[in-house]
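Hydrogens, waters and symmetry mates are skipped; everything else that's a heavy atom, side chains included, is used. Residue numbers begin at 1 in each chain, while the letters A, B, ... track the order of the sequences.
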Amino acid sequence: MDSIAAPATLDDPLYYLRNFETVLRWVSECHGDLLDAAERAFVDGVAALPVAPRALLTRMVMRSGELFRADKLRYPEIGPATPALTALEAVGWVRRDGDLALEELFRLYTKAELGCALAARLAAAGLDRHGRKADWLAALGEPAPAPRPLSGWDPDGHLPAAWRLTVMPVCERLRLMFFGNLHQDWREFVLTELGTFRYEPVALDAASRPYRSRADLDAWLDLHACRERFEAGEPADAVAADLPDGDTGNPWVEERRHKLRYKLARQWEREDQLERAEALYAQCQYPDARARRLRVLERRGEYRAALTLAEQAAAAPESEQERQQLARLRPRLHRKLGLPKPVVAPPPTTEAWTLTLPASGFVEGAVAAHLSRDDGPVFYVENTLLTGLFGLLCWDAVFAPLPGAFFHPFQSAPADLYQPGFRHRRRRWFDDAFAALADDRHRGPILDTWRRKFGTASPFVHWGALSEPLLTLALERLPAAHLAAYGERLLGDIKANRAGLPDLIQFTPDGGYRLIEVKGPGDRLQDNQRRWLAFFAEQGIPAAVCKVEWAGP
DNA sequence: CATGCGGGCG
DNA sequence: TTCACACCGTCTC
DNA sequence: GACGGTGTGTCTCGCCCGCATGGG
Ligand SMILES: [Mn+2]
Ligand SMILES: [Mn+2]
C-alpha cells in the first residue's frame, strides 16, 4: 500500500504531476465513496486531460493563491501556457480574471505596472510615483472600490492577462482526505524524496483513513472555515452563529469543534460578555473549559454556583491541571462565602537557591556556564532530553501499525497520539518497553534506536537537541526507575505533560545528576513546571530551582 | 545600488 | 500557523 | 501571590530570483 503513495523520482521533469496523480488515485481508490458527483468528475477529468494542461493545472494548484498572471506561468517542461490555459478554460477549471478586488490587483502586478495602468486614478488621488505601494493601496481603497474585471481597472490594456483557478476548493478537500489535515501540503512528496524529511515507514492497511464519512469531512471543512474567519478578526458573535453544533462522533472533528468553542468563549470573556462565555464553556469539552467556566462564575460573583461546580469538579478532576487550579480556586470561594478554609494539601517543596551573575542575555546559558565543570557538565535540555529518551525507548510502540493510526506515508506520529486510549491500544509494546526498564536492559535498545533512526521524524525525539555524548551520559546517570516514573506520567496525559520540564540537567561530579529550572528576575514557575517539580519531589528525582539575580553595575 | 523579504522551486 | 515560554501590569490579601 | 494579556522564537530545507524600498 505504501508503495502506491511513494513520491516520484525528481529525475522526471513532471515529478510534481506524478505526485498529484498519486494523490488522486489514492483518494479515488480509498475514499471514492466520500466524493460527490462534481468531485468525482474532477478526479476523472484530470486523468482525461492532455499532459500539458494537466501539468499546468498541477503547478497552479501547488502554488499559493488562486490568481496567476499568464506571463508568470512559464514552465519549460510544459511549453507555452496559453494553449494549456485554453484547454483548462474549456473544462471550466480556470477562467480569465473575473472580478478583481483592488488588493488582488496590487498583489498581482508590480508598482511600476500599476503606476502606468492606474495613472489617472493615482493622479486623482494626488499620488505621484515616489510614494510607497502600500500607501497607494490604502489611498485608492478609500472608499473601497467595487471589484471588476481587469479591463475595468486597466482599459488601455497595459497589464498582462490574469487567470483564476476555480478548482481550489475541491483540491483542498482532496488534500484534506489524503493528509487528514490541512497543514501538510504537496511539498511533503518532494522534501521526502530529497531526504530533507524522513518519516518512519509504517505498513498501512486499506481500511486506514482519517474520515469515515462525507459528513465528517464537511464538518471538518466548516470548522476550518469558521476558525479562519475568527483568526482573521471577524467578531466572535458572527462566527459562533455559523458554528455547526452537531456531533459527528469523529474524535478529530469533535476536538476541533470544542477547541473553537473554547476560543470563542475566551474571546467573549475578554469582551466581558460573561454570560455567553459561560454558556459556551458549559457545552465545551476542551481541556480547561470547566476551569474557565469556574473562573467566569467567580468573576460574575456567582460564588455559590461556582462552589457547587468546583465541588463536582474536585470529585472527578479531568486532569492534574484542573486539580491544581481547583486547589487555588476553592479557598477563594470559601472566603467569599464565609465558609471555613478547605484543607488543601500543600505541594511538596523543591530545593531552591539564588545565584548572582553578571548580566547576560540568556539566563539558562549563563547558569549552565556558571555551574558547568569538566567533571560535572551541564546541558540546556528543557523538554528534549527526557521526552527524547522516552521516544527512543518506545519507538516501536509509537509507530506500531494499528488500524487507523497511520494512513499516509508522511506522518510523524500516529493519528491517535492524544486520544484517550492511546496507551491501552499499544499496551503490548509499552509493556515491553517498561519491562526493559524494570530489568535495567533499556540502554542498549535506546542507543541502538538513536543510531538507526537518527533524523526520522518522531513526536518525542528532537534530534538536533540529542547529541550522542549527551545521550550516553544521560543513560549512564539516570536510573531506570526514574525513566519509568517519567514515562508513566507522560503517558498519563501526553498533551499536558510533554512540556514543563526543567531547563538544565547537571551531571554532578559524584556520579549522579540533577534537573534545574532556571528563573530569571521577574520570571516565575508555570503551572506545568510546578506539577513536574511536585512529581519529582514525590518520586525522589533530584530537581531544584535556581533563581538568578543580575549583579549590579 | 545595496538590502531585505517572500514566493517558487527541487 | 501553533505552541511553549518569558515578561509585564493589575489586583488582592 | 494570583491572574491575564502580550510578545517572541520556532516550527520545514536551502537556494534563487523578483520586487519594494530607501539612500547615494
Ligand atoms: Mn525554560
Ligand atoms: Mn526557566
Side-chain angles (χ1 to χ4, degrees), chain A residues 7-16 19 58-60 62-65 68-69 71-77 106-115 129-137 181-199 224 227-228 230-232 256 259 263 266-267 269-270 272 288 291-292 294-296 298-299 324-325 327-329 331-332 335-336 341 361-364 380 382-384 387 410 412 455 457 459 462-465 495-503 517-530 532 548:
Chain A
T9 168
L10 300 175
D11 296 337
D12 183 348
L14 294 177
Y15 68 90
Y16 54 91
N19 291 335
T58 308
R59 284 288 194 190
M60 294 170 90
M62 292 183 180
R63 277 172 57 170
S64 64
F68 303 89
R69 306 166 46 147
D71 62 331
K72 300 277 178 187
L73 293 172
R74 286 191 318 204
Y75 296 101
E77 79 282 4
F106 269 66
R107 220 173 302 130
L108 274 171
Y109 300 103
T110 68
K111 189 182 165 197
E113 290 166 332
L114 292 169
R129 58 187 53 251
H130 299 295
R132 291 188 314 178
K133 197 182 181 187
D135 295 336
W136 289 7
L137 176 58
N181 62 61
L182 285 180
H183 63 257
Q184 286 179 287
D185 62 39
W186 315 105
R187 280 172 304 175
E188 293 287 336
F189 285 86
V190 182
L191 295 173
T192 304
E193 184 64 13
L194 282 171
T196 304
F197 295 169
R198 285 179 50 194
Y199 293 100
H224 183 74
R227 193 179 57 132
E228 290 207 313
F230 179 61
E231 272 158 12
R256 290 183 84 82
K259 185 168 187 179
K263 286 184 171 179
R266 226 25 238 259
Q267 182 59 32
E269 264 196 88
R270 282 185 210 106
D272 266 327
D288 202 42
R292 294 307 321 165
L294 280 163
R295 180 79 189 118
V296 170
E298 186 190 17
R299 277 178 67 194
Q324 185 181 29
Q325 284 167 324
R328 291 194 298 249
L329 173 73
R332 293 203 302 268
R335 200 162 47 237
K336 294 287 187 194
K341 268 190 187 177
F362 176 45
V363 209
E364 294 87 349
Y380 174 53
E382 235 166 29
N383 303 310
T384 57
T387 316
F410 311 107
S412 58
H462 299 98
W463 297 103
K495 200 163 196 165
N497 294 338
R498 57 179 305 157
L501 292 161
D503 296 311
E517 170 55 39
V518 176
K519 284 295 159 195
D523 184 18
R524 274 164 317 185
L525 288 172
Q526 325 250 332
D527 279 359
N528 57 355
Q529 294 173 331
R530 286 169 199 237
W532 270 117
V548 175

[atom1] atoms of [N] and [M], separation to the nearest Å:
N      : M      : atom1 : result
C:dA4  : D:dC13 : C1'   : 23 Å
D:dG14 : C:dT2  : P     : 24 Å
D:dC15 : C:dT1  : C1'   : 24 Å
D:dT12 : B:dG7  : C1'   : 15 Å
D:dT8  : B:dC5  : P     : 15 Å

Picking from [options], which would you name as closest to the side chain of [X]?
X        : options               : result
A:Lys336 : B:dG10, C:dC13, C:dT2 : C:dC13
A:Tyr15  : B:dG10, C:dT1, C:dC5  : B:dG10
A:Arg132 : D:dA20, D:dG22, C:dC5 : D:dG22
A:Lys72  : D:dG4, D:dG18, D:dC3  : D:dG18
A:Phe197 : D:dT12, D:dC19, C:dT2 : D:dT12
A:Lys133 : C:dC5, D:dA20, C:dT1  : D:dA20
A:Arg335 : B:dG10, C:dC13, D:dC3 : C:dC13

So, is [X] near the phosphate of [N], with a side-chain N or O under 4.0 Å from OP1 or OP2?
X        : N      : result
A:Arg266 : D:dG5  : yes
A:Asn383 : C:dC5  : yes
A:Arg530 : D:dG1  : no
A:Arg63  : B:dG8  : yes
A:Ser64  : B:dG8  : yes
A:Asn528 : C:dC5  : yes
A:Arg270 : D:dG5  : yes
A:Arg295 : D:dC3  : no
A:Lys111 : D:dG18 : no
A:Lys259 : C:dC3  : yes

Seminar exercise, completed: When both distances are under 3.5 Å in a Watson-Crick or G-U wobble arrangement, the nucleotide paired with C:dC5 is D:dG7
So what does [X] touch, heavy atoms closer than 4.0 Å: a base, only the sugar-phosphate, or nothing?
X        : value
A:Arg74  : nothing
A:Arg292 : sugar-phosphate
A:Arg299 : nothing
A:Arg107 : nothing
A:Phe68  : nothing

Take atom [atom1] of [X] and atom [atom2] of [N], then tell me their distance rounded to the nearest Å.
X        : N      : atom1 : atom2 : value
A:Asp288 : D:dC3  : CG    : P     : 11 Å
A:Tyr16  : B:dG10 : OH    : P     : 8 Å
A:Arg187 : B:dC9  : CZ    : P     : 11 Å
A:Asp71  : B:dG8  : CG    : P     : 14 Å
A:Leu329 : C:dT12 : CG    : P     : 16 Å
A:His183 : D:dT10 : NE2   : P     : 20 Å
A:Met60  : B:dG8  : CE    : C1'   : 15 Å
A:His462 : D:dT10 : NE2   : P     : 14 Å

For this session: May I ask you to decide whether A:Glu298 forms a salt bridge with A:Lys336, counting only side-chain N to carboxylate O separations under 4.0 Å?
Result: no
For this session: Decide, yes or no, whether a salt bridge links A:Arg299 with A:Glu269 under the criterion of side-chain N to carboxylate O below 4.0 Å.
Result: yes
Problem set entry | Quiz item: cation-pi between A:Arg59 and A:Tyr16, 6.0 Å / 45° | yes
Check nucleotides 6-8 of chain C against the protein and report each pair of N or O atoms closer than 3.5 Å, with its distance, or say if there are none.
from: C:dA6; atom 1: OP1; to: A:Glu364; atom 2: OE2; distance (Å): 3.4
from: C:dA6; atom 1: OP2; to: A:Lys519; atom 2: NZ; distance (Å): 3.1

Straight-line distance of [X] [atom1] to [Y] [atom2], nearest 0.5 Å:
X        : Y        : atom1 : atom2 : value
A:Arg187 : A:Asn19  : CZ    : CG    : 13.5 Å
A:Leu137 : A:Arg107 : CG    : CZ    : 9.5 Å
A:Asn528 : A:Arg498 : CG    : CZ    : 12.5 Å
A:Lys259 : A:Asp288 : NZ    : CG    : 12.0 Å

Exercise. Would A:Arg328 and A:Gln325 count as having a side-chain donor-acceptor pair, cut-off 3.5 Å?
Worked result: no
For this session: Check whether more than 12 heavy atoms from other residues, nucleotides or ligands sit under 6.0 Å from atom CZ of A:Arg332, and answer yes or no.
Result: yes
Exercise. Looking at the rings of A:Phe189 and A:Phe410, which for Trp means the six-membered one, are their centres under 6.0 Å apart?
Worked result: yes
